[in-house]
Protein chains: 2
Amino acid sequence: MSSSLRIGELAERAGCLVETIRYYERLGLMPAPGRSLGNYRLYGDTHVDRLLFIRRCRSLGMSLAETKQLLDLHDAPDRICRDIDRLIDDHIVRVNDRLAELQALQLQLKRLRSQCHRVRTVKECGILKSLKDEGNTGRRQARRRAAPA
Amino acid sequence: MSSSLRIGELAERAGCLVETIRYYERLGLMPAPGRSLGNYRLYGDTHVDRLLFIRRCRSLGMSLAETKQLLDLHDAPDRICRDIDRLIDDHIVRVNDRLAELQALQLQLKRLRSQCHRVRTVKECGILKSLKDEGNTGRRQARRRAAPA
DNA sequence: TGACACCCTATAGCTACTGTAGGGTCAAGA
DNA sequence: TCTTGACCCTACAGTAGCTATAGGGTGTCA
């Protein structure tokens, strides 16, 4: 029953590329499987489960680092699950933030788009004008040493 | 009036890092400026405008490739501006798509989070259970040659 | 003269893969 | 038996958009 899959079959089950699985193995997310006589990787059911778990985390937008944390928690089943809650909560916050950013962005783009008043040439294009003038950019970064006191 | 800024001052005006400006220059988004006797880059007003334009496009989520297209259109002021409209429209569509994806994701995460019923150990954690069982992943990719007919 | 902020080039690192080169394995068909 | 073709292997380069580091040079002030 503990099937013996080759990497291509595993990839198909998980809906990912063969290269992705080898990549996860290099990163230590997937354990190195046994090998056939011809040096082919051979996977069992636990590998299938683990890969599906990883892919599901990824499809929920988690990073590989977060996914690794969840896997580690999963491998220590007697720990309290508050850590898992926290990880998911943090992720929800990040997704919310990104969502708000994108919504603001969408609004700005629509405003920008409305600047085009059917003129004919680029020279008179309201969109380009807006892109040039508006806001003058966020001024977030600018890494230079602090001015001496 | 056509100021002569060093790269650090330009970076500060645009709210980006010095390295980012040099990176844009390597990519051809920023033209190579003149140099001082000591080989320092010296920028004028046109460079300031161009960098602000780029940063504004980036802050609107456009790729550098899209930004380059807009810059090229900008440099050919007699072309019809329909191309600009189209570029912005395409971008709006992509932002909308991403927004919808994120909203679906947020819903899934909240459902996932609600699986935790205040149990104590990871072993019994409903979140991990959901991550293992649910949906069995999208099965999108899986690149293998088509089965022979 | 020294200290320090700033600049230079070249190169490596980040995330999460994806793609390629150059080979080996394995099963089926001629 | 030989060949074909799908599949596998390792190692490495490439993607986007920066960011960081090493190892140097420049410019200004005390």
Side-chain angles (χ1 to χ4, degrees), chain A residues 4-30 32-43 51 54-69 91 94 98 138 140-149, chain B residues 4-30 32-43 51 54-69 91 94 98 138 140-149:
Chain A
S4 195
L5 301 173
R6 289 192 306 186
I7 196 167
E9 295 162 323
L10 178 58
E12 199 161 17
R13 289 210 192 181
C16 71
L17 296 182
V18 161
E19 290 83 357
T20 305
I21 298 173
R22 287 196 280 246
Y23 174 67
Y24 290 163
E25 185 182 323
R26 275 202 304 284
L27 293 192
L29 278 144
M30 286 292 285
R35 298 282 181 140
S36 73
L37 286 175
N39 201 32
Y40 286 11
R41 288 172 178 82
L42 292 180
Y43 296 97
L51 182 55
I54 297 171
R55 294 306 290 174
R56 174 136 179 81
C57 289
R58 295 288 303 128
S59 80
L60 288 171
M62 295 177 205
S63 69
L64 289 181
E66 284 174 302
T67 303
K68 182 102 173 56
Q69 282 183 55
H91 187 57
R94 271 196 304 283
R98 182 75 186 124
R140 287 145 310 188
Q141 308 196 8
R143 184 197 54 187
R144 277 169 106 190
R145 305 226 189 185
Chain B
S4 197
L5 302 173
R6 289 191 307 186
I7 196 167
E9 296 161 321
L10 178 59
E12 199 161 18
R13 291 209 192 182
C16 70
L17 296 182
V18 162
E19 289 83 356
T20 305
I21 299 172
R22 287 197 281 246
Y23 173 68
Y24 290 163
E25 185 182 323
R26 274 204 302 286
L27 293 192
L29 278 144
M30 287 290 286
R35 298 281 181 141
S36 74
L37 286 174
N39 202 31
Y40 285 12
R41 287 171 178 81
L42 292 179
Y43 296 96
L51 181 56
I54 295 171
R55 295 305 291 173
R56 176 138 179 79
C57 289
R58 295 288 303 130
S59 79
L60 288 173
M62 293 178 206
S63 70
L64 289 181
E66 284 174 303
T67 304
K68 182 101 173 59
Q69 282 183 55
H91 187 57
R94 272 196 304 282
R98 182 74 185 126
R140 286 144 312 190
Q141 307 194 7
R143 183 197 54 186
R144 276 170 107 191
R145 305 229 188 180

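Within every chain, numbering begins at 1; the chains are lettered A, B, ... in the order of the sequence lines, protein sequences first and strands thereafter.
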Report the distance from atom [atom1] of [X] to atom [atom2] of [N], rounded to the nearest whole Å.
X	N	atom1	atom2	answer
B:E66	D:dG17	CD	C1'	14 Å
A:R35	C:dG24	CZ	C1'	13 Å
A:R26	D:dA13	CZ	P	13 Å
A:L51	C:dC17	CG	C1'	14 Å
A:E25	D:dC8	CD	P	14 Å
B:L10	C:dC7	CG	C1'	14 Å
B:E9	C:dA5	CD	P	16 Å
A:I21	D:dC7	CD1	C1'	14 Å

Please work out if B:R58 contacts a base, only the sugar-phosphate, or nothing of the nucleic acid, heavy-atom cut-off 4.0 Å.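 Sugar-phosphate contact only.
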Just to be sure I understand the rule, does A:I7 reach a base, reach only the sugar-phosphate, or reach nothing, if contact means heavy atoms closer than 4.0 Å?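 The answer is sugar-phosphate, as A:I7 gets under 4.0 Å only of primed atoms, P, OP1 or OP2.
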Side-chain N or O of [X] closer than 4.0 Å to phosphate OP1/OP2 of [N]:
X	N	value
A:R55	C:dC17	yes
B:R41	C:dC8	yes
B:S36	D:dT26	no

Distance-only donor-acceptor check, side chains B:R13 and B:Y43, under 3.5 Å: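 No pair is found: no donor N or O on one side chain lies under 3.5 Å from an acceptor on the other.
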Nucleotide nearest [X] (side chain, heavy atoms from C-beta), chosen from [options]:
X	options	value
A:R6	D:dC8, D:dC18, D:dG25	D:dC8
B:E19	C:dT9, C:dC6, D:dT21	D:dT21
B:S63	C:dC17, D:dG17, D:dC8	D:dG17
A:T20	C:dA16, C:dT18, D:dT19	C:dT18

How close do B:L42 and B:R35 get, counting heavy atoms only, and between which atoms?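 Taking B:L42 first and B:R35 second, the nearest heavy atoms are CD1-C, 4.1 Å.
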Check: B:E66 main-chain N/O paired with B:H91 side-chain donor or acceptor under 3.5 Å: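 Not a single qualifying donor-acceptor pair exists.
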Within the side chain of A:T67, is there an N or O that forms a donor-acceptor pair under 3.5 Å with the backbone of A:S63?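 Indeed, once roles are kept as given, a pair shorter than 3.5 Å links the two residues.
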How do A:R22 and B:L37 order along DNA chain D: which one's closest nucleotide is nearer the 5' end?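 Per heavy-atom nearest nucleotide, the more 5' residue is A:R22.
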B:I54 and B:R58, any side-chain heavy atoms less than 4.5 Å apart: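 With C-beta onward as the side chain, the pair touches.
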For A:Y23 and for A:N39, locate the closest nucleotide of DNA chain C by heavy-atom distance; then report the residue assigned to the nucleotide nearer the 5' terminus.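 Closer to the 5' end of DNA chain C: A:Y23.
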Spell out yes or no: do the side chain of B:Y24 and the base of D:dG17 have one donor N/O and one acceptor N/O closer than 3.5 Å?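 Absent.
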